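A quick note: this is a predicted structure, and the numbers were derived from the prediction, not measured. In what follows, chains carry the letters A, B, and so on, assigned in the order in which the sequence lines appear, proteins first and then strands, with residues in each chain numbered from 1.
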Amino acid sequence: MQREALRVLASEPVGPYRLLRLARGRLDPGMPGQFFMLSPPGHLLPRPMSLCLAPPRELVFLIDPVGKGTRALAEAEPGETMTVLGPLGNGYCLRVEKPLLVGGGIGVAPFPYLSHALGEPPALLGFRTAHHAAAAALVPNAEVVLDPTLVTDVMPSDYDVFACGPEPMLWAVARRAPDAQLAWEAPMACGFGACYGCAVEIGGELRRLCVEGPILELKASRWRKVRRREAA
Amino acid sequence: MILNASGCLDALAAPDVARRLDAFVTKTVTPLPREGNAPVRIAETDAGMLNSIGLANPGIDRFLAATLPRLAELAIRLWVSVGGFATDDYADLCRRLDERDEVQVIELNLSCPNVEGPEETVVDIVTAARASTGKPLFAKLSAAVPDVAATATAAAEAGADGLSLVNTIRGLALDERTLAPTLATATGGYSGPALRPIALAAVFAAYRATGLPIVGMGGVETGRHALELIAAGASACALGTVLFADPRAPGRVRTELAAESRTHGFETPLAARGASHTIVSSLLSDKTKKPAIASEM
C-alpha cells in the first residue's frame, strides 16, 4: 500500500463540483475505477475518491462537496499537502469490444481516466441540472440528458456498459445490461479491508466493497468479482 | 508491545500492516456466522467515529477451518477475540480454541456496544471461560460501567490473566441535513481521540485495583498517547481507529514511543509502567507539596 503526503496544485470549479489537482509524487495512478483514500485537512478519517484524470505527474479527483469531509477536500488551497493512500480496490476490466460509459451526477468522476484508457468511447451522462452537467465537459464523446430524463431511458443496447452513479441508476442499468460493470459507493473508513464499514448487500450477503469492489458485475441477481487488483 | 484493537484490522487483507504489530488480534469470532448490521455502518463525528459493524465474522467453524490456518501462515502472534450471547457460548469458543496451537491468547469481548450483550455477568463468563482453556485469557471491558475497578477486580478474581481496556462507547450521530441518525442502527460504538481520557482513567483504575497485565487502547495516535497509557498502568497498547487513516501507525507509534520514553528518562517504554501512580503517591505522601494543578488554580 502506497501512502504519501501530496502537494495540492489547484482546486478548480466544474459546475457545483471541484477538480482537485494533486502532485502525483511516487503514487501509481492504478487502473480506471480504482480509488484512493484522501485525508481532508482537519478530519480524522480519509474519504474514498476514484481517480478522475492522470495527466503526467498529477493525480486529479472530482469532488462533490456535500459533507464536511468533502468540503474540506474541495477547499484545500494550492501549496497545502494532503495525505493520499492508493490505488486501492479493483478497477474496471478494459478488455471489451464495444464500450459505452453510462454515468449519473458525481458518478462521472472515474470516466475521464477510463475514457482515455478505452480510446474515448461514447458516453451517456445524466445530471440533475445544466449546472451539474458542466462535468460532462471532462468526458470525451459524451451525450447529456437532464432530469427528468434518465440515462436508462435512452441507453442503447448491445454495448459493453461501464456504469458509475447513484445506486438506483446502477440497478436500472443492470436490468437493461446484465453484464454491465458497475462502480459502487459506500462510506469507508480505511479502504483496505480493515474497518468493515463499506459492506454492501450482494445477493443477500454483505461484502466489503473496498476489497471485493468497487467495480462489481451483476448477473442473475448474483454479484461476482470482476478483477483482482494486480499489486497489493 | 503494540497490538491492534480487535475489529480494526484484517491481517489477511493487509498482511504488511499486521506484520508490524507484536501480535494481531482477530475480529471477534462468535459461535455462528454473522453478517453484521445493515449499512450505513460508519460515520465520522467530532473527535472520533462511530461504527455499527455488529461483529461480522465467519463463525467459529469456518474461522478454525479456513481463517486460522491462513493467519498462522503470516507467522505473527495471534490473539483471538471471542464473543457470545450466553456464558456457554464463551465456554464453547474457548474450548475449541484451546485445542489450537496457533492461538496464543484469547480475548473475551464482554463489551461490544453494537450487539445485544449476554445477560450473565463478567464473573460468570470469565469463570466459564477459565474452566474451558489453559490459554491466557484477557477480558475486554467497557469503560461505560459505574465502577471500572470493580469490574476489573471481578474479572481478575474469576481467573482473567489480563485486561483489555477500553471498548468503544455507545454514541449517536445525526445527518447534517435531515437530522436522521447517520447509522442504520441509529447508535454505534464511539472510538477515536475522544476516548483517550476515558481509556486513561479506566486503565489507571484497573491497574490500581488488580495489577494485572493490561492492553490499553482508546484513541492512541502517537507514541505520546501510548506512553500515557503505559504510565497509567498498561503493559501494552493497541491501535484502533488510527489504523484506518494511517496503516503505517504500528511502526510509527513504536518509534515515537521509544523516543518519548527516553525523553522522560525511561530506558524502555515498559519501565514507565504505572509511573503516574508513583507520582500520585509521592504527591499524596508529601503533605507540604500541593499537586501542581491545585496551585495553578
Heavy-atom count check: over 12 atoms from other residues, nucleotides or ligands less than 6.0 Å from [X] [atom1]?
| X | atom1 | result |
| --- | --- | --- |
| Glu185(A) | CD | no |
| Arg62(B) | CZ | no |
| Arg70(B) | CZ | no |

Q.
Counting only non-hydrogen atoms closer than 4.5 Å, does Leu44(A) touch chain B with its backbone (N, CA, C, O), its side chain (CB onward), both, or neither?
A. both

Chain A contact via [X] - side chain, backbone, both or neither, heavy atoms under 4.5 Å:
| X | value |
| --- | --- |
| Val17(B) | side chain |
| Asp175(B) | neither |
| Glu35(B) | both |
| Leu243(B) | backbone |

Indicate the atoms forming the closest heavy-atom contact of [X] with [Y], along with that distance.
| X | Y | result |
| --- | --- | --- |
| Phe244(B) | Pro46(A) | O-CG, 4.1 Å |
| Pro247(B) | Met1(A) | CB-CE, 4.0 Å |
| Ile53(B) | Cys195(A) | CD1-O, 3.3 Å |
| Ala199(A) | Pro39(B) | O-CG, 3.3 Å |
| Pro187(A) | Val40(B) | CG-CG1, 3.8 Å |
| Arg177(B) | Val66(A) | NH2-O, 3.8 Å |

Q) Which of the residues Cys8(B), Gly7(B), Gly240(B), Gly36(B) is involved in the greatest number of heavy-atom pairs with chain A at under 4.5 angstrom? A) Cys8(B)

Q.
I'd like to know if the side chain of Glu176(B) reaches the main chain of Gly67(A), judged simply by a donor and an acceptor atom lying under 3.5 Å from each other, with no hydrogens or angles considered.
A. no

(Q) I'd like to know if the side chain of Arg3(A) reaches the main chain of Ala245(B), judged simply by a donor and an acceptor atom lying under 3.5 Å from each other, with no hydrogens or angles considered. (A) yes

Q: Quick one: pull up CD in Glu44(B) and CG in Leu45(A) and give me the separation to the nearest 0.5 Å.
A: 4.5 Å

Q | Criterion side-chain contact (heavy atoms from CB on, under 4.5 Å) on Asp246(B) and Leu85(A), from CA distance to verdict | A | CA-CA 9 Å; Asp246(B) 181 7; Leu85(A) 174 76; over 6 Å; no

**Q.** Heavy-atom side-chain contact between Asn51(B) and Tyr196(A) under 4.5 Å
**A.** no

